[in-house]
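Take a look at the structure set out below.
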Amino acid sequence: NEMDNMVTDRRDEPQTDFIYCCGAITEVLKFGSCQLHSGHKVLFVIIPGNPGVVGFYRTFMQTLHSMFGHRHPVWAVSHAGHCVPPDSMDMVEEAEGDVFGLNGQIEHKLAFLRNSVPRETSLVLVGHSIGCYIILEMMKRNPELKIIKAIMLFPTIERMAQTPQGKVMTPVLCHMRYVVYLPLFLLSLLPEGLKDSLIKLVFGGIRSLDHTVVQPSVGLLSGDCAVNAMYMGGQEMRKVLERDNITIKKNLEKV
């Protein structure tokens, strides 16, 4: 019984890979098999919201992996540049176009699937927030993707700038984000222990806090991550306008 528990514990330990995709640093969090082979018929892929930090989804992924009896791998792919590179890597190797913008992030996810997932693998895509918009665009741009289900969690797929939060955030993200860069840069200079304490202080009032989100939040204070997230957010406000009813209708049985 103790041996069974040890095996289960190992299954619940994810692996983190850092790769360059479209020339930009990308973090991939993996529960289950880290290399796919012909035996893996189904892969769950989490497409995050903004910030696209995979560590925020760790507990959700662990639950999902466990719910399906550890049979199917569950991966989450960060947005390009929404992670802190390891010391041996840079934020950008050789960026392809505007990889940090909304369109670039959509192409980034398509490139990731092309490069990292065998074509015969069936996909269950799980989008959160702007990740749902990205999934719809992926379906539209590559109808050949072997998607068996697209799950939309808190989707933001239309008129983002007109929402109450959007009305506040649009001027900040589109016109005033440069004002925020200096404080972000100064925060990035703080020692890691102090950043950790700051995040815990900010989250202190949340009684049901999942403590696995603390470390990923500290990563956002590295400066570049937050800047890339704000840049992407500004484009979301400008570009996410009308709901794409045509793509939804074409894929109704999958959504």
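Looking at V42 and R71, their side chains never come closer than 4.5 Å, going by heavy atoms from C-beta outward. You'll find the side chain of R114 reaches within 4.5 Å of the side chain of L110, heavy atoms only. Side chains of N115 and I19 form no contact here, defined as non-hydrogen atoms less than 4.5 Å apart. The closest side-chain heavy-atom distance from D90 to I25 is not below 4.5 Å. Using a 4.5 Å cut-off on side-chain heavy atoms (C-beta onward), Q235 and Q105 make no contact. When side chains are defined from C-beta on, L187 counts as touching L198, because their heavy atoms get closer than 4.5 Å. Considering only heavy atoms from C-beta on, F60 comes within 4.5 Å of I46 through its side chain. At a threshold of 4.5 Å between non-hydrogen side-chain atoms, the residues D98 and N103 do not count as touching.
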Got a list of side-chain donor-acceptor pairs under 3.5 Å for residues 123-135, not counting sequence neighbours?
{"residue": "H128", "atom": "ND1", "partner": "Y57", "partner atom": "OH", "Å": "2.7"}
{"residue": "S129", "atom": "OG", "partner": "T156", "partner atom": "OG1", "Å": "3.4"}

May I have the list of side-chain donor-acceptor pairs in residues 78-85 shorter than 3.5 Å, sequence neighbours left out?
{"residue": "S78", "atom": "OG", "partner": "E27", "partner atom": "N", "Å": "3.0"}
{"residue": "H79", "atom": "ND1", "partner": "K109", "partner atom": "NZ", "Å": "3.1"}
{"residue": "H79", "atom": "NE2", "partner": "P48", "partner atom": "O", "Å": "3.1"}
{"residue": "H79", "atom": "NE2", "partner": "G49", "partner atom": "O", "Å": "2.9"}
{"residue": "H82", "atom": "ND1", "partner": "G52", "partner atom": "N", "Å": "2.9"}

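In summary, R119 and E144 do not engage in a salt bridge, as defined by a charged side-chain N under 4.0 Å from a carboxylate O.
M91 and F100 get closest at one heavy-atom pair: CG-CZ, 4.4 Å. Taking all atoms of both residues into account, the shortest heavy-atom contact from K146 to T121 is CB-O, 3.8 Å.
Residue pairs that meet the ring pair (Phe, Tyr, Trp, His ring centres under 6.0 Å) test with at least one member in residues 216-250, sequence neighbours left out, do not exist here.
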